[in-house]
Amino acid sequence: MHRDPIDRPSDTPERTNSATATDPRGVDAPAPERPTAGSAVGEAGPDRTPGRAADSAEAAFDALYLSTAAGLTQQAYVLTGCRRLAFESAEQAFHRAWEQWPEVAHDPDPEAWVRARAHEYALSPWHRLRPGRPRPDQPAADPVVRVLLELPPWQRRAALLCDGLDLSVAEAAAETHATTDATVGRLRHARAVISGRLPGGVAGAPDHPLRRRVKDASASTLAQPWCVRAASERRARALTVVVFAATAALAVLTGAFALAPSTDRAGDDGGRSPHARSQPGEPPAETR
């Protein structure tokens, strides 16, 4: 349970305002000092205990999830046109965020970290090889989604970042690991299509349809953050078990091959080496 990091003072008034308290024997004894937020408990302060650190990490992750998960799901749907893949992309991004939480927590922009993973998963070409691969919903009822699906994936992403989320070209290029010139070219082609197909789709319009579509997000159907954390931990444990099992199986096979008896046998000439000396009148062994 998340606790307020600032402890509230007790409502009970102090018995004395002096720096000393009266001992029952009538001798003034120093009053015991009240522990402060940074005082040590044993050898470590309360904020340094593993339990409090875990609570802080969980609270930070939950706050990031609650503030961004709905928007990421909406963005993934705009990129793919598939509701199933949109929810899956956001879920996978937050699974990776919790598995790598120290890195995410120290990132200058944790939201951008998670967003990049969600977009990359949504547009991954490996989905084509999946059995029962997710496909765009047919027909796409939203005209913005229909127009974007006509664009190549990387043009879709550039338009979403710059016109839907108001990122600069340099920021979009850094997030997509592309050069600025490549991002400008993708954005130019995407804007030409969008402006010709969508009313108000001109770049820089205050009410751009892509920006309006991305901000229209609802969190009513999302999983709770603690469910996402628990699923991520279960997946990490399962992966660890698989890695250990594969390593053990490889070690057993290697040992079995190393201990197996040699099966090398001589040739069909009765064990005589092909280089053995031939009897007089016999042709050499190599020519027989």
Side-chain angles (χ1 to χ4, degrees), residues 64 67-82 85-97 99-130 133-136 140 142-198 200-206 208-215 217:
L64 177 65
S67 63
T68 60
L72 288 181
T73 305
Q74 194 71 260
Q75 295 165 30
Y77 177 71
V78 169
L79 290 174
T80 63
C82 177
L85 185 55
F87 281 98
E88 187 177 317
S89 301
E91 182 179 346
Q92 291 294 327
F94 279 102
H95 281 171
R96 293 186 59 186
E99 292 168 2
Q100 305 176 39
W101 183 249
E103 175 187 345
V104 180
H106 291 88
D107 193 271
D109 191 352
E111 180 179 354
W113 193 101
V114 181
R115 180 176 62 229
R117 272 62 183 182
H119 291 184
E120 290 168 2
Y121 185 90
L123 297 176
S124 173
W126 294 107
H127 294 309
R128 304 172 185 173
L129 304 179
R130 293 172 52 182
R133 64 185 180 123
R135 300 177 181 275
D142 195 315
V144 176
V145 177
R146 284 202 304 269
V147 172
L148 283 182
L149 290 181
E150 297 176 5
L151 300 172
W154 300 113
Q155 292 184 17
R156 278 181 246 162
R157 190 177 180 188
L160 172 63
L161 292 175
C162 294
D163 293 338
L165 302 177
D166 296 326
L167 268 65
S168 67
V169 174
E171 291 171 335
E175 185 164 323
T176 57
H177 307 288
T179 64
T180 303
D181 292 340
T183 304
V184 169
R186 294 168 181 173
L187 194 58
R188 183 185 301 114
H189 290 291
R191 283 173 171 172
V193 174
I194 294 173
S195 61
R197 298 287 303 279
L198 293 176
V202 180
H208 196 283
L210 186 54
R211 184 184 303 111
R212 186 173 61 250
R213 181 66 178 82
V214 169
K215 291 183 178 181

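Being a predicted model, the structure only gives us computed values, none of them experimental.
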* **All salt bridge (Lys or Arg N to Asp or Glu O under 4.0 Å) counterparts of Glu88, not counting sequence neighbours** => Arg130
* side chain to side chain contact (heavy atoms under 4.5 Å, CB included) between Arg213 and Gln74, intermediate numbers included -> CA-CA 8 Å; Arg213 181 66 178 82; Gln74 194 71 260; 2.5 Å; yes
* Asked: Does the side chain of Gln75 come within less than 4.5 Å of Leu165's, by heavy atoms?
  -> yes
* To do: Of all the heavy-atom pairs spanning Val104 and Ala97, show the shortest one and how long it is.
  => CG2-O, 3.7 Å
* Do the side chains of Leu79 and Leu148 get nearer than 4.5 Å, heavy atoms only? -> no
* To do: Using the side chain to side chain contact (heavy atoms under 4.5 Å, CB included) rule, take Tyr77 and Leu85 through it: C-alpha gap first, then chi angles, then the decisive distance, then the call.
  => CA-CA 7 Å; Tyr77 177 71; Leu85 185 55; over 6 Å; no
* Would you check if His119 and Leu161 make a side-chain contact, meaning some heavy-atom pair closer than 4.5 Å? => yes
* Asked: Who are the salt bridge (Lys or Arg N to Asp or Glu O under 4.0 Å) partners of Glu99, not counting sequence neighbours?
  -> Arg235
* Does Arg212 CZ have over 12 foreign heavy atoms under 6.0 Å away? -> yes
* **For His127, all residues meeting ring-ring contact (aromatic ring centres under 6.0 Å, His included), sequence neighbours excluded** => Tyr121
* Search all heavy atoms of Ala76 against all heavy atoms of Ala86 and return the closest pair with its distance. => CB-CA, 3.6 Å
* side chain to side chain donor-acceptor pair (under 3.5 Å) between Glu103 and Trp113: does it pass, once the steps are laid out? -> CA-CA 10 Å; Glu103 175 187 345; Trp113 193 101; 3.2 Å; yes
* Asked: Where do Gly81 and Val145 come nearest, in terms of heavy atoms and distance?
  -> CA-CG1, 3.7 Å
* Structure fact -> Between Leu64 and Ser67 the two heavy atoms that sit nearest each other are O-OG, 3.1 Å
* Does any pair with a residue in residues 114-123 pass salt bridge (charged side-chain N to carboxylate O under 4.0 Å, His left out), and if so which ones, sequence neighbours excluded? -> Arg115-Glu175
* **Heavy-atom closest contact (Ala159 atom, Leu210 atom, distance)** => O-CD2, 3.3 Å
* Apply side chain to side chain contact (heavy atoms under 4.5 Å, CB included) to Trp154 and Thr183, showing your working. => CA-CA 9 Å; Trp154 300 113; Thr183 304; over 6 Å; no
* Structure fact -> Between the OG1 atom in Thr73 and the CD atom in Glu91, the distance rounded to the nearest 0.5 Å is 9.5 Å
* For the student: nearest non-hydrogen atoms of Pro143 and Leu198, plus distance -> O-CD2, 3.9 Å
* Mind checking the SG-CG spacing from Cys162 to Leu187? Nearest 0.5 Å is all I need. => 4.5 Å
* Where at least one partner belongs to residues 150-163, residue pairs that pass salt bridge (charged side-chain N to carboxylate O under 4.0 Å, His left out), sequence neighbours excluded -> Glu150-Arg197, Asp163-Arg191
* To do: Could you list the residues that satisfy salt bridge (Lys or Arg N to Asp or Glu O under 4.0 Å) with Asp166, not counting sequence neighbours?
  => Arg211
* **Gap between atom OG1 of Thr176 and atom CG of Leu167 - 0.5 Å precision** => 10.0 Å
* Asked: Glu171 side chain to Ser168 main-chain N or O, any donor-acceptor pair under 3.5 Å?
  -> yes
* Going from NE2 on His189 to CD on Gln155, what distance comes out if it is rounded to the nearest 0.5 angstrom? -> 6.0 Å
* To the nearest 0.5 Å, tell me how far Cys82 SG sits from Phe87 CZ. => 10.5 Å
